[in-house]
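Down below is the structure, laid out as structure tokens.
A, B, ... follow the sequence lines: proteins, then strands. Residue 1 opens every chain. Given the structure is predicted, the values throughout are model-derived calculations rather than measurements.
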Amino acid sequence: MDKTYQPNAIEQQWYKTWEESGYFKPSGDTEAKPYSIMIPPPNVTGSLHMGHGFQESIMDALIRYHRMQGDNTLWQVGTDHAGIATQMVVERLLAAEGVSRHDLGRDKFIEKVWEWKEKSGGTITRQLRRLGASPDWSRERFTMDDGFYKAVQEVFVKLYEDGLIYRGKRLVNWDPKFHTAISDLEVLNEEKQGHLWHFRYPLSDGSGHLVVATTRPETMLGDTAVAVHPEDERYKKLIGKTIKLPLTDREIPIIADDYVDREFGTGCVKITPAHDFNDYEMGQRHNLEMINILDADANLNDAVPEKYRGMERFAARTQIVDDLDALGLLEKVEPHTLKVPHGDRSGAVIEPWLTDQWYVKTQPLADEAIAAVENGSVNFVPKNYENMYFSWMRDIQDWCISRQLWWGHRIPAWYDKDGKVYVGRSEEEVREKHNLGSDINLRQDDDVLDTWFSSGLWTFGTLGWPEDTEALKAFHPSSVLVTGFDIIFFWVARMMMLTLYFKKEVPFSTVYVHGLVRDSHGQKMSKSKGNVLDPIDLIDGIDLESLVQKRTTGMMQPHLQEKIEKQTRKEFPEGIESYGTDALRYTFYSLASTGRDIKFDVGRIEGFRNFCNKIWNASRYVLQNCEGHDCGQDNSSDFELTVADRWIISQLQRTEITVREAMDSYRFDLASQALYDFIWSEYCSWYLELSKPVLWDDNASDAVKKGTRRTLIRVLETILRLVHPLMPYITEEIWQRVKTLAGAEGETIMLQHYPEPNANKVDEEAEAAIAWLKQVIEGVRNIRGEMNISPAKKIPLILRGGSSRDQELLEQARSLLIKLASLEEITWLESGEAAPASATALVGDMELLVPMAGLIDVKAESARLQKEIDKLSKELARVEGKLNNPKFVDKAPEAVVAKEKDKLAEMKGAQERLQQQLEEISNL
RNA sequence: AGACCCGUAGCUCAGUUGGUUAGAGCGCUGCCUUGACAUGGCAGAGGUCAGCGGUUCAAAUCCGCUCGGGUCUACCA
């Protein structure tokens, strides 16, 4: 074995072996408990970012953990066609060649997208493999594969037939850049400094004017009313009169509506039903005319006076303000903060626009989805995300599902020449069902469905629905959904609604919500900030120049390039080292406490790379001492266990309990911490050291040596299985070398049984003995450290004061102590017997004395003792105060009081001894 | 405007139902190339648990308020 662990030497090879051997597939054991996770399908043309890395690592840990427990385990993998995002990428590529999608036409363009999908579609799945992810690749799906077409059509048609999908002319969020409607969720509101313009609107009868305030002057050309509050004394008498709308020749009514806030602005509101969601509703209530003044590009259309036709919306705004000002109708302009809606993909300012769209009537679906969480059929981890889910679900709006895109599931609806709509699974079915002969021309709806409509079917669509498959029976509902809070509404909510409706069961029983991966300063990672880390670079490493190159090419804002380059050179002067997959994964787990965002610090991953190396070297030691020896691999029983053996076995049981509890409650941070502590601080730091005196002792019996070797190798083998779900590669590599010596069999650690704690192996006696031993050794080390005695120098140790129990423990551990503490000899002094000038430490009632024979620095030793005494006195006072408080003694549980009393006695004894030692030193 | 989360060592974070002298990693200081590992070992420094008030025998932990940071939802033209 190499002296240091080299992850890149083994990772890809092991992955290949696993995949080719079919280890990722469900066992198919129908007697076993089923366990399944459906991957949140990443964008097919995407590449892996830290968020994926985090998410997939968590899923893989769960999957491997359950697979090792013998569950019939399925990790369903696949990718999403991601409508807008993908279309955008391909359009941008075409634009670089000077071609627009309209130049190509629909069919050709879609062909191009498929080509792009074939070319780049493998990127993310290849990267997923690098993470060691173990999904069943043979079942990989795509949200636009044939099966999904079938499922989507089925769902659309059924919902339509059940009256839950309808088509209607409504105001939608229109993206003027992509020329498509988008759902409320795809709109981001950004706060911006704007203006509030006050305009005078003259009354038709010439008796004066009203002043309206608006943030969007250009929409005034589409005004069809002015509204005031019905109880507003200022305007009450004007209700029913009309306004002569400036710049147009239209007369519009003054109406009364509660919606108007008398306090805001002037208390008069211009109403533009075709371009504002609130105005639209008011228009419905009052039967107002709707005048659409914008075209698909959000330029002014022919419904406005000639002067403004074809103008861009913001140019029109300026023009209209100028024109009204020229007419003396601009009363004032105030600064005003407002929220401006943007498309989440395009970044364009969204226009409320009147179009025909398809909608899902969500209320009835939402009711079921709410109930499922209320009655505990679905649990969120952490629980507080249920609030978020409820608040959105309870106030849900109908879902606009049509998109004016080309890439996606085309809506299964056809129109005849009169515009009558027919919905069906295919044109043939529609013709047959409605008796439409071949002479009647049918045209399919041009629109496609919102991406989330198909991904909403993910949990059952991937298992073969609408066919009633074995997989569906075995693996649905899935066990847990692992996802970020940012798509609870987009995806989780939609899956809940659609799955409950079509499967009459929940899609998953638990939703584990993880946080966002941020940079080490808590900033969101983004290309424009130049702080993006690529998981693959952390695995393989990357030199500085390549990293700078990567971060500064293809920037949307090239002017940031210099800043990013500087920042990158400062943060990673040596580039990024290769840490390996296991270290990366372990970093994610250690930071994955419930729900909160994680700040990714390269210092952490380095620490866990070192941890891998620690495991590697511990294994080297174990193998060096076991290979070629009888370690009980034949399961014979002629061995003897030392107290150290019994102790580490006992600690192992406790670790297994902790790790299992942590894994079962999604506390990957606690699991990783428990393993780290046990492996490094107990197994490596103590047990390996304790084993040396035994193995190197010529006088030790074969039975004892065998017991120690057996324990070394078997505990190691168990550790590997315990850690495997978190660090798959290093554990497999070492396990292969260890398995035979440990008496284990099998081709892969992946399919071994996950360790189960055995209560009979918990040995409190051994634990107490080793705890005592550690304290003595630490006491001696402390003296060495403080007194500057070289660790190599052998020193005598004198013990004084302790109990017969201490003497017993000493005899049991004498030889270990001598070796581990590097002692010359240990002598026991009867209490009261005079001791030489010594540096001292305490273990319970027992004093440790290290004779200093004139070397002692009286001042330093006194100071050290005084420090101890002061510390003790402080705590002593606290405990005494507590015990002198009758209320505490009366009311606190007996056990707590007893504990405090013991503590008091112990501290008093310790204080006395320290005081005495101080005196002895001072007398020198 | 509502709702939620967070504030613990210089940094990143544990601390599950109140009850050992509040822990870990990184960083820092000193010592050590001891035969698994310098990607290591040993020792050490460092915290009024954001602040105030309350409940309790007992509060980092429960309650209220304040300050600071973050997120989501809904929005007034």
Comparing nearest nucleotides in RNA chain B, the 5'-proximal residue of the pair A:Arg667, A:Asp395 is A:Arg667
Would you mind telling me which residue lines up with the more 5' stretch of RNA chain B, A:Lys599 or A:Trp616, judged by nearest nucleotide?
A:Lys599
Check: A:Asn531 side chain, A:Ser526 main-chain N or O, donor-acceptor pair, under 3.5 Å:
yes
Nucleotides 24-35 of chain B: protein proximity per nucleotide (B base, S sugar-phosphate only, - neither; heavy atom, under 4.0 Å)
SS---------B
Rounded to whole angstrom, note down the [atom1] distance from [N] over to [M].
{"N": "B:C13", "M": "B:A74", "atom1": "P", "result": "29 Å"}
{"N": "B:G68", "M": "B:A58", "atom1": "P", "result": "32 Å"}
{"N": "B:G53", "M": "B:A60", "atom1": "P", "result": "14 Å"}
{"N": "B:G40", "M": "B:U20", "atom1": "P", "result": "33 Å"}
{"N": "B:A1", "M": "B:C62", "atom1": "C1'", "result": "29 Å"}
{"N": "B:C52", "M": "B:U61", "atom1": "P", "result": "12 Å"}
{"N": "B:A50", "M": "B:U56", "atom1": "P", "result": "23 Å"}
{"N": "B:C63", "M": "B:C6", "atom1": "P", "result": "11 Å"}

Would you say a side-chain N or O of [X] is under 4.0 Å from OP1 or OP2 of [N]?
{"X": "A:Lys891", "N": "B:U56", "answer": "no"}
{"X": "A:Lys887", "N": "B:C57", "answer": "no"}
{"X": "A:Lys524", "N": "B:G70", "answer": "no"}
{"X": "A:His198", "N": "B:A77", "answer": "no"}
{"X": "A:Arg216", "N": "B:A77", "answer": "no"}

Applying the ring-ring contact (aromatic ring centres under 6.0 Å, His included) test to A:Phe54, which of A:Phe600, A:Phe588, A:Tyr589 qualifies?
A:Phe588
I'd like to know if the side chain of [X] pairs up with that of [Y] as donor and acceptor (distance under 3.5 Å, no hydrogens or angles considered).
{"X": "A:Lys270", "Y": "A:Thr272", "result": "yes"}
{"X": "A:Asn613", "Y": "A:Thr4", "result": "no"}
{"X": "A:Ser183", "Y": "A:Glu186", "result": "yes"}
{"X": "A:Tyr5", "Y": "A:Asn617", "result": "no"}

By nearest atom, which of the nucleotides [options] is closest to the [X] side chain?
{"X": "A:Asn384", "options": "B:C5, B:A43, B:A77", "value": "B:C5"}
{"X": "A:Val260", "options": "B:G19, B:A36, B:A77", "value": "B:A77"}
{"X": "A:Lys339", "options": "B:C57, B:A74, B:A77", "value": "B:A74"}
{"X": "A:Leu670", "options": "B:U73, B:A14, B:C42", "value": "B:A14"}

With both distances kept under 3.5 Å, what pairs with [N], Watson-Crick or G-U wobble?
{"N": "B:A59", "answer": "none"}
{"N": "B:G2", "answer": "B:C72"}
{"N": "B:C37", "answer": "none"}
{"N": "B:A45", "answer": "none"}

Touch class at under 4.0 angstrom, heavy-atom based, for [X] against every strand present:
{"X": "A:Cys684", "answer": "base"}
{"X": "A:Pro893", "answer": "base"}
{"X": "A:Thr4", "answer": "base"}
{"X": "A:Ile271", "answer": "nothing"}
{"X": "A:Lys614", "answer": "base"}

Base of B:A36, side chain of A:Glu689 - is there a donor-acceptor contact under 3.5 Å?
yes
Output yes when A:Arg709 and A:Glu627 qualify as a salt bridge under the 4.0 Å nitrogen-oxygen rule, no when they do not.
no
Measure the shortest side-chain to side-chain distance between A:Lys874 and A:Asp870 over non-hydrogen atoms and say whether it is less than 4.5 angstrom.
no
A:Asp344 has an atom CG; how far is it from atom P of B:U73, in whole Å?
11 Å
